[in-house]
Visitor: 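Okay, handing you the structure first.
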Amino acid sequence: MNRLTKATLMEFPKICDPRGNLSFIEGTRHVPFPIKRVFYIYDVPGGETRGAHAHRQCAEVLIAVAGSLEVRLTDGEKEVSFLLNRSNRGLLIPPGTWRTMHDFTTGTVVVALCSREYEEEDYIRDYEEFEKFVASLPEEKRAIL
């Protein structure tokens, strides 16, 4: 099993009501980690790409709470893409996975739930450095990050 097989779409509870729907997320209950940080991305100009990094230790769940976008993930060998377009669905991204977000529709808002607080040293922002990071891992760690 590699990291990309651990990247999964997750459904969150949805309470339907004629006055509007409600979804909620509880750390360790609906996501596989305690939530340590939340941030959101919005007002992305047309044609822009976000992400283009990996984390050494932090896992994330991305949710398009408004609009839609495509998220492309790679483990350095294989690549998969996910369309995020439902506010009660999130994408779990395990550590050690390079992510790129693109094709944002107008008005898209993405919420990120993180397993760790912000630590600049956890980020890998250069793809060649990412490839070296993955190659430096023992074989058993490559699959379970």
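By convention here, the first residue in the shown sequence is residue 1.
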Visitor: Is the distance between the ring centroids of F133 and F130 under 6.0 Å?
Guide: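 That pair fails the under 6.0 Å test.
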Visitor: Hey, what else clusters with F24 if you join Ile, Leu, Val, Met, Phe, Trp, Tyr whenever side-chain heavy atoms sit under 4.5 Å?
Guide: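 Other cluster members: I15, L22.
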Visitor: I'd like to check E131 versus E77 (side-chain heavy atoms, cut-off strictly below 4.5 Å). Are they in contact?
Guide: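 When only atoms from C-beta onward are counted, E77 and E131 do not touch, as no gap falls below 4.5 Å.
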Visitor: Is there a path from I25 to V111 through hydrophobic residues (I, L, V, M, F, W, Y) whose side chains come within less than 4.5 Å of each other?
Guide: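 Yes: a chain of side-chain contacts under 4.5 Å links I25 to V111.
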Visitor: Would you check, one step at a time, whether the test side-chain contact (heavy atoms from CB on, under 4.5 Å) holds for I93 with K6?
Guide: CA-CA 8 Å; I93 304 175; K6 292 184 176 196; over 6 Å; no
Visitor: Any sub-3.5 Å donor-acceptor pair from D122's side-chain atoms to R56's backbone N or O?
Guide: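 It does hold such a pair.
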Visitor: Drop me the distance from N85's CG to S68's OG, to the nearest 0.5 angstrom.
Guide: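 So the gap between those two atoms works out to 6.0 Å.
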Visitor: Hey, does T105 have a side-chain heavy atom less than 4.5 Å from the side chain of L69?
Guide: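 The answer is no, as the side chains (C-beta and beyond) never meet within the 4.5 Å cut-off.
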Visitor: Is any side-chain heavy atom of V110 closer than 4.5 Å to one of I63?
Guide: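 The answer is no, as the side chains (C-beta and beyond) never meet within the 4.5 Å cut-off.
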Visitor: Is the shortest side-chain heavy-atom distance between C58 and P95 below 4.5 Å?
Guide: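 No, every pair of side-chain atoms sits at 4.5 Å or beyond.
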Visitor: side-chain hydrogen bond (donor to acceptor under 3.5 Å, both in side chains) between E129 and Y127: does it pass, once the steps are laid out?
Guide: CA-CA 5 Å; E129 183 184 340; Y127 193 78; over 6 Å; no
Visitor: Side-chain heavy atoms under 4.5 angstrom apart, residues restricted to Ile, Leu, Val, Met, Phe, Trp, Tyr: same cluster for V71 and L92?
Guide: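 Unlinked, V71 and L92 end up in two clusters.
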Visitor: Tell me whether V80 shares a hydrophobic cluster with L91, the cluster being built from Ile, Leu, Val, Met, Phe, Trp, Tyr side chains joined at under 4.5 Å.
Guide: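 Yes, same cluster.
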Visitor: Following the transitive rule for hydrophobic clusters with a side-chain heavy-atom cut-off under 4.5 Å over Ile, Leu, Val, Met, Phe, Trp and Tyr, establish whether V61 and L73 coincide in one cluster.
Guide: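 No, it is not one cluster - the side chains of V61 and L73 are not joined through contacts under 4.5 Å.
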Visitor: What pair of heavy atoms forms the shortest contact from N88 to S23, and how long is it?
Guide: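 Minimum heavy-atom contact is CB-OG, 3.3 Å.
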Visitor: By salt bridge (Lys or Arg N to Asp or Glu O under 4.0 Å), which residues pair with E117, not counting sequence neighbours?
Guide: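 Partners of E117 under the salt bridge (Lys or Arg N to Asp or Glu O under 4.0 Å) test: none.
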Visitor: Got a sec, which pairs hit ring pair (Phe, Tyr, Trp, His ring centres under 6.0 Å) with one end in residues 57-90, sequence neighbours left out?
Guide: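 Qualifying pairs, neighbours excluded: none.
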Visitor: Could you list the donor-acceptor pairs under 3.5 angstrom formed between side-chain atoms of residues 28-52 and any protein atom two or more places apart in sequence or on another chain?
Guide:
{"from": "R29", "atom 1": "NH1", "to": "E26", "atom 2": "OE1", "distance (Å)": "3.0"}
{"from": "H30", "atom 1": "ND1", "to": "E26", "atom 2": "N", "distance (Å)": "2.9"}

Visitor: Nearest 0.5 angstrom please: S115 OG to Q57 CD, how far?
Guide: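 So the gap between those two atoms works out to 8.5 Å.
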Visitor: Which distance, rounded to the nearest 0.5 Å, do you find between the CG of D126 and the CD1 of I124?
Guide: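 One finds 9.5 Å between CG of D126 and CD1 of I124.
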Visitor: Following the transitive rule for hydrophobic clusters with a side-chain heavy-atom cut-off under 4.5 Å over Ile, Leu, Val, Met, Phe, Trp and Tyr, establish whether L113 and L62 coincide in one cluster.
Guide: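 In one cluster: no.
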Visitor: Please determine if R99 and E60 form a salt bridge, counting it only when a charged side-chain N lies under 4.0 Å from a carboxylate O.
Guide: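 The answer is yes: the pair qualifies as a salt bridge.
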Visitor: Within the structure provided, determine whether M10 and R89 are in side-chain contact (heavy-atom separation under 4.5 Å).
Guide: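 No, their side chains stay 4.5 Å or more apart.
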Visitor: Heavy atoms only: give me the nearest G67-A64 pair and the separation to one decimal.
Guide: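 Minimum heavy-atom separation between G67 and A64: O-CB, 3.9 Å.
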Visitor: Kindly write out the residues that satisfy salt bridge (Lys or Arg N to Asp or Glu O under 4.0 Å) with E79, not counting sequence neighbours, or none if the list is empty.
Guide: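 Scan of E79 (salt bridge (Lys or Arg N to Asp or Glu O under 4.0 Å), adjacent residues dropped) gives R72.
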Visitor: Who passes salt bridge (Lys or Arg N to Asp or Glu O under 4.0 Å) against D17, sequence neighbours left out?
Guide: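 Expected list: R19.
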Visitor: Report yes or no: do Y123 and E121 form a side-chain donor-acceptor pair below 3.5 Å?
Guide: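 The answer is no; no qualifying pair exists.
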Visitor: Taking side chain as C-beta onward, heavy atoms only, is T74 less than 4.5 Å from T97?
Guide: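 Answer no - side chains too far apart.
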